[in-house]
Amino acid sequence: LREVLGRRTGEEKERSSLIQEQEPLEREEEPSNVIPLDASRQQDWTLPRKNMSSVDVEQKLREFNKIDPSFDPNAFIQGAKSAYGMIMEAYAGGDTQTLKMLMRNDVFEAFEEAIQEREQKGQKLLHDIVGITAARVAVVELDGTIATIGMDFDVEVLIHLTDLEGNTLEGSPQTVQSSREHWEFEKDLNDPNPNWTLIETSPRS
């Protein structure tokens, strides 16, 4: 897991105490990193504003609407959270087909290599997201019609890696860990396909 996301940071907690504090992450049935929202909330910048790192970020996001009037910050933030959950579930389950659909080739190859190494060693990975405690828009770039959005995720997660005999190599199925990660997504705003592609993952200090 460290090969694709880096080390996790923060205090560990017992699962029983954290479940009372955080709601479990909802998973979507279909592999898409865009979630439709109620029409009354479309284009409402009040809700996502608290999840932006600066006023400059909001101003840059508004530039997206000049190219794609349908761009909705609510849908993107919620979709990015959903994509995080789906990608980590697919990574833990060795579902390379889903991963390939959601990320750029070089990122996919890193995930695929880590999965293959784990499977060759007979290791099994439990990666259970207890809750995403924060999802902030940290970086926004626009190059022509190519939009890039960097998200900072703070996640509470159960991680347990075992060997062929079931011995613990990392983590615990009962102890919640804090993970701080930066993910970047990219999309051509002229492309009618609503999905964004994951182009980078890195740990945050």
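In what follows, residues are counted from 1 in the order of the sequence shown. Both backbone and side-chain heavy atoms feed into the values below; hydrogens, waters and symmetry mates do not.
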Going from CG on N167 to OG1 on T162, what distance comes out if it is rounded to the nearest 0.5 angstrom?
-> 8.5 Å
How many angstroms lie between CD in E117 and CD in E112, if you round to the nearest 0.5 Å?
-> 13.0 Å
Is there side-chain contact between L142 and I67, with at least one heavy-atom pair below 4.5 Å?
-> yes
In one Ile/Leu/Val/Met/Phe/Trp/Tyr side-chain cluster, 4.5 Å: V137, I199 | no
Counting N and O atoms only, with roles assigned by atom type, does the side chain of R118 sit under 3.5 Å from a partner on the main chain of A92, one being a donor and the other an acceptor?
-> yes
Say whether F185 and I146 are linked into one hydrophobic cluster, either directly or through other cluster members, by side-chain heavy-atom distances under 4.5 angstrom.
-> no
For residues S172 and L158, report the shortest heavy-atom separation together with the two atoms involved.
-> O-CD2, 4.1 Å
Nearest heavy-atom pair of I77 and A135: which atoms, and what distance?
-> CG2-O, 4.3 Å
Decide yes or no for I115 and T96: does some side-chain heavy atom of the first lie under 4.5 Å from some side-chain heavy atom of the second?
-> yes
Calculate, to the nearest 0.5 Å, the distance between atoms CD1 and CZ belonging to I129 and F153 respectively.
-> 9.5 Å
For D188 and T145, what are the C-alpha separation, side-chain angles and deciding distance, and is it a side-chain hydrogen bond (donor to acceptor under 3.5 Å, both in side chains)?
-> CA-CA 6 Å; D188 185 341; T145 62; 2.9 Å; yes
Output the distance between atom CG (D128) and atom CE (M88), rounded to the nearest 0.5 Å.
-> 11.5 Å
Student check: side-chain heavy atoms of R62 and E58 closer than 4.5 Å = yes
Under 3.5 Å side-chain donor-acceptor pair for H182 and T201 = no
For D56 and K60, what are the C-alpha separation, side-chain angles and deciding distance, and is it a salt bridge (charged side-chain N to carboxylate O under 4.0 Å, His left out)?
-> CA-CA 6 Å; D56 182 59; K60 289 182 177 180; 3.4 Å; yes
Taking the side chain as every heavy atom from C-beta outward, state whether T168 and H160 have any atom pair closer than 4.5 Å.
-> yes
Decide yes or no on side chain to side chain contact (heavy atoms under 4.5 Å, CB included) for T197 and V107, but give the supporting numbers first.
-> CA-CA 10 Å; T197 301; V107 180; over 6 Å; no
State, with a plain yes or no, whether a side-chain heavy atom of V140 is found less than 4.5 Å away from one of F64.
-> yes
Report the C-alpha separation of M52 and L61 in whole Å, then their side-chain angles, then the decisive distance to 0.1 Å, and conclude whether the side chain to side chain contact (heavy atoms under 4.5 Å, CB included) test is met.
-> CA-CA 10 Å; M52 298 178 191; L61 283 178; 3.6 Å; yes
How would you list all residue pairs meeting salt bridge (Lys or Arg N to Asp or Glu O under 4.0 Å) that involve residues 91-108, not counting sequence neighbours?
-> R104-D106
Gap between atom CD of E184 and atom CE of M151 - 0.5 Å precision | 11.5 Å
Under a 4.5 Å cut-off applied to non-hydrogen side-chain atoms, are K81 and Y84 in contact?
-> no
Side-chain heavy atoms of M103 within contact of I87, under 4.5 Å = yes
Side chain to side chain contact (heavy atoms under 4.5 Å, CB included) between W196 and L102, worked out | CA-CA 8 Å; W196 292 68; L102 297 173; over 6 Å; no
Taking C-beta and beyond as the side chain, do P203 and R180 meet within less than 4.5 Å on heavy atoms?
-> no
Look at atom CG of N190 and say whether more than 12 heavy atoms of other residues, nucleotides or ligands are closer to it than 6.0 Å.
-> yes
Nearest heavy-atom pair of D152 and A138: which atoms, and what distance?
-> OD2-CB, 3.4 Å
Could you walk me through whether K66 and E63 pass salt bridge (charged side-chain N to carboxylate O under 4.0 Å, His left out), step by step?
-> CA-CA 5 Å; K66 296 180 180 179; E63 292 294 315; 3.1 Å; yes
Test log, rule side-chain hydrogen bond (donor to acceptor under 3.5 Å, both in side chains), inputs S70 and D68 = CA-CA 5 Å; S70 68; D68 178 10; 2.6 Å; yes
Looking at CD of E181 and CD1 of I132, how far apart are the two atoms once the value is rounded to the nearest 0.5 Å?
-> 9.5 Å
With distance as the sole test, does D163 use its side chain to make a donor-acceptor pair with the main-chain N or O of G122 at under 3.5 Å?
-> no
Is the F111 ring parallel, tilted or perpendicular to the W183 ring (thresholds 30°, 60°)?
-> perpendicular
